[in-house]
Amino acid sequence: MAKKFVLKKSGGLREKYSQISPDRFSINYEKELNPSQYEAVTSLEGSYLVIAGAGTGKTRTLVFRVARLVEMGINPETILLLTFTRKAAREMMNRASIILDSRCEKINGGTFHSFANLTLRKYGRYVGVNSNFTILDQGDSEDVVNLIRSQLNLGKIKKRFPNKSTLVKIYSLSRNTVKSVEEIVEVEYPHFLPFLEQVKGIFSVFEKYKRENQLLDYDDLLIMLNRFLKTDSSAVDHFLSQIDFVMVDEYQDTNHIQAEIVKNLARRKNNVMVVGDDAQSIYSFRGADFLNIMEFPKLFPNTKIIKLEENYRSNQGILDFANHIIRQSSNKFEKNLYSRKVSDELPAIVSAKNENMQSRFIVDKILELREEGVPLEEIAVLFRSSYFSFDLEVELTKANIPFVKFGGMKLIESAHIKDLLAFMRISVNPKDLVSWYRALLLHEGIGPKKAQLFLNALSQMEINFDADIVKYDDKQFGKFGTLIEILHDLHREKKTPAEIAEIAFGYYEPLFKNKYNDYNKRRKDIDMFINIASNYRSIDSFLSDMALEPPRDSVVDVDAENEDEEYVTLSTIHSAKGLEWHTVFVINLLEGFFPSAQSFGKYETLEEERRLMYVASTRAKHNLFVTYPMNIFDRFSGTTLGKPSRFISGISEDLAEEWIVEEEF
């Protein structure tokens, strides 16, 4: 007689683990976490969107969730944690191991790209990828594109053609945003539209070259992983059966392909938790899509939204200010950051007469804070664009305040500023052969060998720049006659540093446009440089201040022997995300500066500028100073009245104090 079996539908992981007694856990999760964090950590099956406001313990929440899942008996190898940096993944796994045990080190943690690499090594053949593929880094990709560019004889085009770096940027942005190459060129590089067909031709050959040589660039890793996950095969079924839980950090920074990867990774078991903050989505220029986090509930129906709103970083006054900034946004998840830290001091909105007075106010305030016992490394100055800090850098150096700068090079480290400085230095010292060499190489058809021949002739013939009329050999120097005559006049005449810079740039401008594809962006640096020069009367004094020893590019690179040294941090807001300081200055809050004038024509870009301001404000723990100059110098129209940024205009006195800097510092 055949046996009869009663079939009962499994309740899944929820039923299996819901009866586990809290006594079984070695960690008292409820005690260690606030109610919202605890809710996120104890959530099991299903899809969850954790909106983690700035400073609300996002990393702590992820770490404790990993530990709890492992404590519940879930195989750590079936837990996948995707992050944007290897450092973040290692940190979370290490912290989970510390609060629990070494089992947490066995979870699958890493970046999207590292996970894609490992997966394609094993399953790539299902989408036509050989397991022995070679990964091209950005430099490799640029070299291949440059090779193709040369083979197609595009370097011989009379007009300027995009260089290898620009070509790779265009192609990568197109693939990450799923926009056509034409759209990217039209918006980001409109001056290259006449070469659109040639650009597309290069990319076509590039793709063929990679396929034939089993090469994958960074974008290919994501594209091919996603292609594999979308296939309907037993290999995919087997692969997905080994993943019980998917967790993603900084979900607001994902691009279109990464969001699809997350969807396809969870399409079998639907156990996915993404953590992020819509108000901190600020990387669209890298291809990040703000709509990914906003539309996650549509991507995963029945998603539960958990909000982390208790902030452990800032005092309530700073949070009230930040809440006000982001509240003006129309497309957001509603949240209200709060803190148990109270302070009698409100954020300050500081208006100064001009940019230089703004810089001197900041220097004076930094010195005052230092006297009050605030370490320099607990002070940061944040800005929308790198060139905003150039005037401040000069003043900090004068005051002997050491600093490091992130998110852009220092003034004299920028290639185009070095170029302009070379002309100015020659005008002061015509025997400055180093500056001559740099200036000569800017000219088309002049390489190192030819430049050296000119320098040899220059030193032997000793062109007399002190004479009333400069004389030179047409055979040797005819090509540079105009340059020699301009530099001679500048050497002989008494002109201000700003006037010398203007005249030098008049000669340099066509060379500048020919050398740099992004000259329209670099032009702002030139304008700022000339603006700084206008603060000086003596060219010798100006060049001396410009010849400062540049600070280190990153505190990561600071030698161990210098660990006791202090530095003020200067940083773009993009580079400051995720960091915090006791005191933060946010500078140049002017319409057209912050928000940037380039953002005015499009709602989405203007909204991202607002989110940038929110990120900047929430970096501060105790003091927040928002500053702007009332008068700004425009090299074409002279001094003009600056209009305060819409982000701070008309703000209530309950949220910020208004200060006016009237006296010299």
Side-chain angles (χ1 to χ4, degrees), residues 136 138-207 217-220 223 255-257 282-290 384-387 407-409 414-417 419 442 444 508-528 572 574 592 595-606 608-609:
L136 295 174
Q138 184 172 333
D140 296 329
S141 296
E142 289 178 0
D143 289 341
V144 173
V145 165
N146 200 44
L147 177 64
I148 295 168
R149 185 175 179 271
S150 300
Q151 290 173 342
L152 296 176
N153 291 320
L154 295 173
K156 295 182 179 180
I157 293 178
K158 295 296 182 181
K159 294 184 179 179
R160 184 166 49 89
F161 192 80
N163 62 26
K164 60 182 182 180
S165 175
T166 301
L167 286 167
V168 170
K169 284 179 183 176
I170 291 170
Y171 195 35
S172 180
L173 198 56
S174 170
R175 301 170 86 196
N176 282 309
T177 59
V178 197
K179 292 180 180 178
S180 68
V181 170
E182 184 173 3
E183 286 180 271
I184 300 300
V185 173
E186 191 172 356
V187 174
E188 301 292 335
Y189 303 92
H191 44 296
F192 289 138
L193 275 173
F195 303 118
L196 182 62
E197 292 308 312
Q198 291 97 322
V199 167
K200 289 162 71 174
I202 288 176
F203 297 157
S204 178
V205 177
F206 183 42
E207 279 301 304
D217 60 26
Y218 289 152
D219 298 328
D220 291 325
I223 291 168
N255 60 35
H256 180 84
I257 299 171
I282 58 174
Y283 295 117
S284 63
F285 67 94
R286 295 180 185 169
D289 191 343
F290 170 70
R384 172 64 183 85
S385 300
S386 180
Y387 68 90
M409 288 185 279
S414 305
H416 46 296
I417 298 299
D419 294 342
L442 293 170
E444 189 174 348
Y508 170 57
E509 188 171 16
L511 305 174
F512 167 71
K513 289 183 175 180
N514 186 57
K515 182 177 180 181
Y516 302 106
N517 288 335
D518 57 347
Y519 67 84
N520 53 332
K521 295 180 181 178
R522 292 176 185 253
R523 178 63 176 265
K524 295 176 183 177
D525 291 355
I526 299 290
D527 291 341
M528 184 60 66
T572 60
H574 286 103
S596 165
Q598 284 73 33
S599 70
F600 289 173
K602 198 174 180 182
Y603 169 79
E604 290 82 4
T605 53
L606 191 56
E608 183 160 320
E609 294 285 302

Ignoring hydrogens, what is the shortest heavy-atom contact between [X] and [Y]? Give both atom names and the distance.
{"X": "Ser141", "Y": "Asp217", "answer": "OG-CB, 3.7 Å"}
{"X": "Glu608", "Y": "Ile282", "answer": "OE2-O, 2.9 Å"}
{"X": "Leu196", "Y": "Val181", "answer": "CD1-CG1, 4.1 Å"}
{"X": "Ser596", "Y": "Gln598", "answer": "OG-OE1, 2.6 Å"}
{"X": "Phe285", "Y": "Leu173", "answer": "O-CD1, 3.7 Å"}
{"X": "His574", "Y": "Tyr283", "answer": "O-OH, 2.7 Å"}

> For Glu207, what residues pass the side chain to side chain contact (heavy atoms under 4.5 Å, CB included) criterion, not counting sequence neighbours?
Replying inline: Tyr171, Arg175, Lys210, Arg211, Asp220
>> Taking side chain to side chain contact (heavy atoms under 4.5 Å, CB included) as the definition, give me every residue that meets it alongside Asp419, ordered by chain and number, with sequence neighbours left out.
In response: Arg438, Leu442, Tyr508, Lys515, Tyr516
>> Check Glu509 with Arg523, please: is the shortest side-chain N to carboxylate O separation under 4.0 Å?
In response: yes
> Can Arg384 and Glu609 be counted as an ion pair, charged N to O under 4.0 angstrom?
Replying inline: yes
Got a sec, which residues hit side chain to side chain donor-acceptor pair (under 3.5 Å) with [X], two or more places apart in sequence or on another chain?
{"X": "Thr166", "value": "Asn163, Asn517"}
{"X": "His416", "value": "Arg522, Asp525"}
{"X": "Tyr189", "value": "none"}
{"X": "Ser180", "value": "Glu183"}

> Heavy atoms, side chains only, cut-off 4.5 Å: are Tyr218 and Ser172 in contact?
Replying inline: no
Rounded distance (nearest 0.5 Å) linking atom [atom1] of [X] with atom [atom2] of [Y]:
{"X": "Thr177", "Y": "Asn255", "atom1": "OG1", "atom2": "CG", "value": "8.5 Å"}
{"X": "Leu193", "Y": "Glu182", "atom1": "CG", "atom2": "CD", "value": "7.0 Å"}
{"X": "Leu167", "Y": "Phe206", "atom1": "CG", "atom2": "CZ", "value": "10.0 Å"}
{"X": "Phe203", "Y": "Ile148", "atom1": "CZ", "atom2": "CD1", "value": "10.0 Å"}
{"X": "Ser174", "Y": "Glu188", "atom1": "OG", "atom2": "CD", "value": "12.0 Å"}

>> Could you go through Val185 and Phe195, starting from their C-alpha distance and side-chain angles, then the distance that decides it, and tell me whether this counts as side chain to side chain contact (heavy atoms under 4.5 Å, CB included)?
In response: CA-CA 10 Å; Val185 173; Phe195 303 118; over 6 Å; no
